[in-house]
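Shown next, in structure tokens, is the structure this report addresses.
Values below: all heavy atoms of this structure, side chains included; hydrogens, waters and symmetry mates excluded. Every chain is numbered from 1 and lettered A, B, ... according to where its sequence line falls, protein lines coming before strand lines.
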Protein chains: 2
Amino acid sequence: MEARHLRYALALAEHQHFGRAARSLGIAQPPLSTQIAALEREIGELLFDRTSRGVVPTAAGEAFLARARAALAEMTLASVDAGRAARGETGRLRIGFTGSALLDPLPGVLGRFRRTHPGVRLALQELDSATGTAALLAGELDVAVGRGNPRGVGAEDLLTVSIGTDHLVAVVSVAHPFAGRSAVELDQLAAEDLIVSPDAAASYLRPVFGADRAPLDGATLARDVHTIAGLAACCAGVGLGPNRMRLIARTDIRFCDVEPRYRLPDLAMSFRAADRSPVLAAFLSVVRLNCSDVGSRLDDLLARHPSVVADAARS
Amino acid sequence: MEARHLRYALALAEHQHFGRAARSLGIAQPPLSTQIAALEREIGELLFDRTSRGVVPTAAGEAFLARARAALAEMTLASVDAGRAARGETGRLRIGFTGSALLDPLPGVLGRFRRTHPGVRLALQELDSATGTAALLAGELDVAVGRGNPRGVGAEDLLTVSIGTDHLVAVVSVAHPFAGRSAVELDQLAAEDLIVSPDAAASYLRPVFGADRAPLDGATLARDVHTIAGLAACCAGVGLGPNRMRLIARTDIRFCDVEPRYRLPDLAMSFRAADRSPVLAAFLSVVRLNCSDVGSRLDDLLARHPSVVADAARS
DNA sequence: TCTCCGCGATACCCAGGACGTATCGTGACG
DNA sequence: CGTCACGATACGTCCTGGGTATCGCGGAGA
């Protein structure tokens, strides 16, 4: 059975007349007769009752026609869905991210992506940078947002773009002596109880205090920037984190720049270099539109998916 | 797009290899390549990523394949459903019946039909004989069970078979003087308050009392045999009805034959002579199996639907 | 009752395309 | 760097879907 048979049967049922149905199909009447006869022979049942002034579906015909309509609808949907999938409008995207990215680039990017690609299911997960990289390489994530470029075995299979720069700021309770000061000196911090993320304590904050390991080794650890801010509000110490932390709108805390200014590793978005998923491409093209400093590297990647880029830009 | 393209794409996705897929389809590899290429050209998207050691569906391909599977499933279901409909296994049957038919032939017939044809939706409706005939002619019913052959304009378009004979019996309260008697004389009844159905009072019971219209004109009317029996139990008079009324299992009533025995018009099942519905044929073939006295007329009708009869007999 | 008309079925021919065979281009792997 | 395996391309062939002409038949009207 071919789709042609379904189309012919539906046309015949609609016009109840071989001649008119054939004309509507752009063919002559005899071929339509033979095709319908062949279909009935294959099914093993008469689908139409022939009368002298036309044709009417039998009960078997009615049952067949209902399924035929559904089948043809599925076929056109197959084509439509393929196009949508190719433009990254449907599918799934699994994103792991470090908490501080939720403060700035992600709300804009994800909000825009959800609006322009409502058919894509987003699976979001807060992860520290190292876990995100591992999950990405294991194929459990499609995108990982972490601080700094991924390192370790397999990292060469990933592509990474910067989606935001930060420098170190301190957060304190309004009751703290630092509150009201626009900046504090680094050596003043060494004498305070510090609150930092495990990521920061283990890696990129190490160079800040030079040889003096005491401040970080004795620090209170909190994975999330909101927890750091909350602990600071509790007067548990001086919180240290990226300056996008300033977006936290608590009235019981104050922020101070740290002097000398210390630049943190960039917020970085990674994905598998071999990943040709159009959904990923669509997501990256939204990222490019929303983040000014991603550089031109994305353009080269997105050249592989012209329709995706055009689709994203249109929205 | 033809069904062939769907089958080819599914085979290719299954084997991830042009050569093996082609072999599984019983064709050579080059035609498969060209057909897939033609499909991709029509869709406007690449459905498969070609590598040097095989082939893997793209995101667009995955979306397409899901719909393709559904479309092919619909096509096979179209064939299956057509066969089922032709054998009367699916569809709808609207049956109007007079209440007393529910006592004897219908429970057996409908029970068997429901078991053998679970896919047929039955629409059942209690109707008096005249209304049933009218609804049948109006196309609102497929089968009407009434007492006596349909009469009136259009009745020649109907076919009718007898599905049961009855004679007149009386029903009385256990407290009534007739209770315990196996038979009562007709002229004894004339002196009693009678309870009869409107149908009976208006037509086929008229001849019973000859010129004396008083017993029927003054009778209590109740459409349903159970109501007649209930009223008799209330000592509201002597109920008259078909002897299949004896199947009513109330302990507060007794039945008596009426002497001389008066044969009532047969319980008759009617349907449109022009109705070629396989569901009707299936139903009638079950009727023939369940009712011994339908005569041979049904056989001629059912000869039009050999597969239906075979199907019903098998169960 | 006969004739005419309209509809679907059949007969026959033709052309497009689906398939087969042979061959080529190209990555992967030893 | 040679070989192998896989998909793409080229080309011939045959099947079949479609066109034209015609037939069979049932219904309507004279």
Side-chain angles (χ1 to χ4, degrees), chain A residues 1-58 60-61 64-65 68 72 75 157 273-274 276 304, chain B residues 1-58 60-61 64-65 68 72 75 157 273-274 276 304:
Chain A
M1 199 192 317
E2 286 299 326
R4 182 185 55 255
H5 295 120
L6 309 186
R7 287 188 282 267
Y8 287 9
L10 288 173
L12 181 55
E14 185 187 350
H15 292 93
Q16 306 211 330
H17 188 287
F18 271 84
R20 285 193 294 275
R23 214 175 315 135
S24 84
L25 290 165
I27 65 173
Q29 171 258 318
L32 180 58
S33 284
T34 58
Q35 290 297 314
I36 295 292
L39 175 61
E40 290 177 327
R41 186 156 15 92
E42 181 178 348
I43 302 288
E45 304 290 347
L46 235 60
L47 300 178
F48 294 93
D49 269 334
R50 278 80 160 170
T51 75
S52 62
R53 68 183 172 291
V55 103
V56 61
T58 62
F64 180 86
L65 291 165
L72 290 180
M75 287 180 66
D157 295 334
R276 299 292 184 85
R304 298 193 302 219
Chain B
M1 198 194 316
E2 286 299 327
R4 181 184 56 254
H5 295 120
L6 309 186
R7 286 188 284 266
Y8 287 9
L10 288 173
L12 182 54
E14 185 187 349
H15 292 94
Q16 305 210 333
H17 187 287
F18 271 84
R20 285 193 293 274
R23 213 174 317 133
S24 84
L25 290 166
I27 64 173
Q29 170 260 318
L32 180 57
S33 284
T34 59
Q35 290 298 313
I36 295 292
L39 176 60
E40 290 176 326
R41 185 156 17 91
E42 181 178 347
I43 302 288
E45 305 289 349
L46 236 58
L47 300 179
F48 295 93
D49 269 335
R50 278 79 161 171
T51 75
S52 62
R53 69 183 171 292
V55 103
V56 61
T58 63
F64 179 87
L65 292 165
L72 290 180
M75 287 179 65
D157 295 334
R276 299 292 184 86
R304 299 193 302 219

| query | Do you know which two heavy atoms are closest between A:A9 and A:F48, and how far apart they sit? | reply |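 Scanning both residues completely, I find the closest heavy atoms to be O-CZ, 3.5 Å.
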| request: Please report the closest heavy-atom contact between B:Q16 and B:V56, naming both atoms and the distance. | output: NE2-CG2, 4.5 Å
Roughly how many Å is it from [atom1] in [X] to [atom2] in [N], rounded to a whole number?
X: B:I27; N: D:dA8; atom1: CD1; atom2: P; value: 13 Å
X: B:I36; N: D:dC6; atom1: CD1; atom2: C1'; value: 15 Å
X: A:E2; N: C:dG17; atom1: CD; atom2: P; value: 15 Å
X: A:R50; N: D:dG24; atom1: CZ; atom2: P; value: 19 Å
X: A:L32; N: C:dG8; atom1: CG; atom2: P; value: 9 Å
X: A:Q35; N: C:dG8; atom1: CD; atom2: P; value: 16 Å
X: A:F18; N: D:dG24; atom1: CZ; atom2: C1'; value: 15 Å
X: B:Q16; N: D:dA5; atom1: CD; atom2: C1'; value: 16 Å

| query | Should the pair A:E2-A:R7 be classified as a salt bridge under the 4.0 Å nitrogen-to-oxygen rule? | reply |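 Salt bridge absent between A:E2 and A:R7.
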| said: Under 4.0 Å, counting only non-hydrogen atoms across every strand here, what does A:Y8 touch: a base, just sugar-phosphate, or nothing? | reply: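 A:Y8: backbone/sugar contact only, no base atoms under 4.0 Å.
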| said: Tell me if a side-chain donor or acceptor on A:E40 pairs with a main-chain N or O of A:L47 at a distance below 3.5 Å. | reply: yes
| task | State whether the side chain of A:H15 and the backbone N or O of A:H17 hold a donor-acceptor pair below 3.5 Å, judged by distance alone. | result | no
| query | When the nearest nucleotide of DNA chain D is assigned to A:A28 and to B:G19 on a heavy-atom basis, which residue is associated with the more 5' position? | reply | B:G19
Can you see if the side chain of [X] gets near the phosphate of [N] - specifically, an N or O under 4.0 Å from OP1 or OP2?
X: A:R4; N: D:dG17; value: yes
X: B:H17; N: D:dA5; value: no
X: A:S33; N: C:dA9; value: yes

| task | Kindly indicate whether the side chain of B:Q29 and the base of D:dA8 share any N or O donor-acceptor pair separated by less than 3.5 Å? | result | yes
| request: By nearest nucleotide on DNA chain C, pick out whichever of A:S52 and A:P31 is the more 5' one. | output: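 Looking at the nearest nucleotide for each, A:S52 comes out on the 5' side.
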